Amino acid sequence: MSKRISSFFQPLPSKKPKVDAAIPAAAPATYTHHPSYPIPIRDPPSTISTRLSNPPPCTPKAITNQPHLDLLYFQPFLPAPLARELFQFLRAELPFYRVKYTIRRGGTPTSINTPRFTTVFGVDDTSTFIPDSTTEDDSQRSAKSRILVDSKTHAPLSDDKKYHPHQPRPIPPCLDVLRQAVEAATDDGTKYNFVLVNYYASGEDSISYHSDDERFLGPRPTIASISLGERRAFLLKHKVGATGEVGNGAGKPLKFPLASGDMLVMRGDTQANWLHSVPKRKGTHGGGAAGVMGRINITFRRAVVPGGTGNYYRYNVGDGVVYRWREEEGKMVAVEE
């Protein structure tokens, strides 16, 4: 770890405040370490983890009134105070990336700069993380010392096997507790092994129309998407069929103004037949109500083959520098690894 990254974890010198003996001291922050993490990732405080473990009941609205569309819409999934705290926590504690990559358009190489900050954790069904049995200290046998093994044989996987050049990362506790809450809320047996996090710093950050219908997700994938921070429009439009027929009349997109704490679960035939996007939003520069800036979107997915792992790390981590949120500057700042 470089001196510049480690400086994020150095407390500022200050005088010790007087503490009332009747008030219990707050527990010190703990961090999860893993060789695949570019930085230690802070574990969630009890104010987040306790409430996520026991979220208030919420009945979603089922949206199935369009051809091949199957959505569950939670408004909200997380109450406003929890959504606000989780937004601020994840933005401050996770490593982010601004991935650059090259694609070919008509045979011509085209450089792409991802128009948002991204990060990803997880591994596909063919592998899993287990505690390292060679660790002598029982206190270290946790997510902090998990090793990657083959799902069937539990044989350890070397860095250059299956996933080279991108080493998979276990889902940290701050996102795993949220994954468990999502799985419990949908209650349909869906299990997720990947979590993708996007940070939209301003209205200029976006994602174009696409569908998550890659083969590595298997047939009829379920994807749960949680919004935190600024409200942004989420658009869905039916794919044009061979006959030119379009769902939702004349191709007009469905619009969901996703607010902080809302969750949209896309399932069934949705990915095979619909495209979705978060378009640019003119006239906004990241400012929001109650000091909120930007938007975080967290999506949970299940990849079934190694191709999914390679794809997600290539396009959400890549080979670029790590970005961290700097509160005093009010923006993401690139730091050396």
Side-chain angles (χ1 to χ4, degrees), residues 4-12 29-32 37-49 51-52 76-99 114-122 169 171-179 181-182 195-207 224-232 234 258-263 278 281 284-300 316-317 320-335 337:
R4 191 171 178 188
I5 284 188
S6 62
S7 69
F8 276 88
F9 302 95
Q10 301 301 318
L12 295 175
T30 60
Y31 291 80
T32 293
Y37 293 170
I39 57 170
I41 298 177
R42 187 182 171 194
D43 298 331
S46 59
T47 51
I48 290 177
S49 59
R51 285 183 287 174
L52 283 177
F77 172 62
L78 302 176
L82 175 56
R84 181 167 54 250
E85 184 178 0
L86 186 60
F87 168 82
Q88 294 170 343
F89 178 87
L90 295 178
R91 183 178 63 176
E93 303 299 336
L94 293 178
F96 284 93
Y97 303 84
R98 201 90 182 197
V99 179
T114 302
R116 59 195 175 280
F117 292 93
T118 61
T119 196
V120 64
F121 301 89
R169 303 173 176 182
I171 300 174
C174 60
L175 292 173
D176 201 49
V177 67
L178 184 58
R179 176 190 63 80
V182 170
V195 53
L196 279 64
V197 184
N198 291 313
Y199 174 60
Y200 298 79
S202 73
E204 289 299 307
D205 285 358
S206 62
I207 186 167
S225 175
I226 296 176
S227 293
L228 300 171
E230 247 188 314
R231 183 190 302 268
R232 289 289 293 268
F234 181 84
L258 297 180
S260 189
D262 287 356
M263 178 168 72
V278 177
R281 180 180 175 186
T284 178
H285 300 284
V292 170
M293 177 184 290
R295 171 186 183 253
I296 284 178
N297 170 243
I298 308 163
T299 58
F300 296 91
N316 294 279
V317 172
V321 299
V322 177
Y323 283 82
R324 297 295 313 280
W325 175 257
R326 283 279 196 181
E327 186 64 39
E328 60 269 29
E329 297 183 39
K331 64 179 183 179
M332 291 286 175
V333 176
V335 296
E337 291 197 57

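Model, not experiment: these values are computed from the prediction.
The structure places CZ of Phe117 at 11.5 Å from CZ of Arg91, a figure rounded to the nearest 0.5 Å. Residue Ser49 holds its OG atom at 9.0 Å from CG of Asp43, rounded to the nearest 0.5 Å. To the nearest 0.5 Å, the span separating CG on Asn316 from CZ on Arg116 amounts to 7.5 Å. The distance from atom CZ of Phe77 to atom CE of Met263, rounded to the nearest 0.5 Å, is 4.5 Å. In this structure, Arg232 CZ and Leu258 CG are separated by 10.5 Å, a value rounded to the nearest 0.5 Å.
Partners of Arg231 by salt bridge (Lys or Arg N to Asp or Glu O under 4.0 Å), not counting sequence neighbours: none found. When the salt bridge (Lys or Arg N to Asp or Glu O under 4.0 Å) test is applied to Glu327, no partner is found at least two apart in sequence or on another chain. Looking at residues two or more places apart in sequence or on another chain, you find a side-chain hydrogen bond (donor to acceptor under 3.5 Å, both in side chains) between Thr47 and Glu85.
A cation-pi arrangement, defined by a distance under 6.0 Å to the six-membered ring centre and an angle within 45 degrees of its axis, is present between Arg295 and Tyr200.
Put simply, the side chain of Thr119 never gets that close to the backbone of Val197: no donor and acceptor are under 3.5 Å apart. Looking only at distances, no side-chain donor or acceptor of Ser260 sits under 3.5 Å from a matching main-chain atom of Leu228. Of the possible donor and acceptor atoms, none in the side chain of Arg326 sits under 3.5 Å from a partner among the backbone N and O of Lys331.
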TODO: Take Val120 and Thr118 through the test side chain to side chain contact (heavy atoms under 4.5 Å, CB included) and record every step on the way to the result.
DONE: CA-CA 7 Å; Val120 64; Thr118 61; over 6 Å; no
Task: Stepwise side-chain hydrogen bond (donor to acceptor under 3.5 Å, both in side chains) test for Ser227 and Asp262 - done: CA-CA 6 Å; Ser227 293; Asp262 287 356; over 6 Å; no
- [ ] Let me see the working for Leu178 and Leu86 under side chain to side chain contact (heavy atoms under 4.5 Å, CB included), right down to the final yes or no.
- [x] CA-CA 10 Å; Leu178 184 58; Leu86 186 60; 4.1 Å; yes
- [ ] Would you please test Leu90 and Tyr199 for side chain to side chain contact (heavy atoms under 4.5 Å, CB included) and show each step?
- [x] CA-CA 10 Å; Leu90 295 178; Tyr199 174 60; over 6 Å; no
Task: Verdict with supporting geometry, Trp325 and Leu94, side chain to side chain contact (heavy atoms under 4.5 Å, CB included) - done: CA-CA 8 Å; Trp325 175 257; Leu94 293 178; over 6 Å; no
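Annotation for Ala29 and Arg42: closest pair CB-NE, 3.6 Å, computed over non-hydrogen atoms. Counting all heavy atoms, side chain and backbone alike, Tyr37 lies closest to Thr32 at CD1-O, 3.7 Å. When all heavy atoms of Val321 and Tyr97 are compared, the closest pair comes out as O-CD2, 3.5 Å. In plain terms, the two heavy atoms of Leu175 and Phe121 that are nearest each other are CD1-CD1, 3.7 Å.
In this structure the side chain of Pro44 reaches within 4.5 angstrom of the side chain of Pro173, judged on heavy atoms. Side-chain atoms of Pro38 and Arg169, non-hydrogen and from C-beta on, do get closer than 4.5 Å to each other. At least one side-chain heavy atom of Ile41 sits less than 4.5 Å from a side-chain heavy atom of Pro95. Considering only heavy atoms from C-beta on, Arg324 comes within 4.5 Å of Ile39 through its side chain. Within the 4.5 Å cutoff, the side chain of Asp205 has no heavy atoms near those of the Asn198 side chain. Proximity of Val195 to Asp176: side-chain heavy atoms (C-beta onward) are nowhere separated by under 4.5 Å. Within the 4.5 Å cutoff, the side chain of Pro172 has no heavy atoms near those of the Glu93 side chain.
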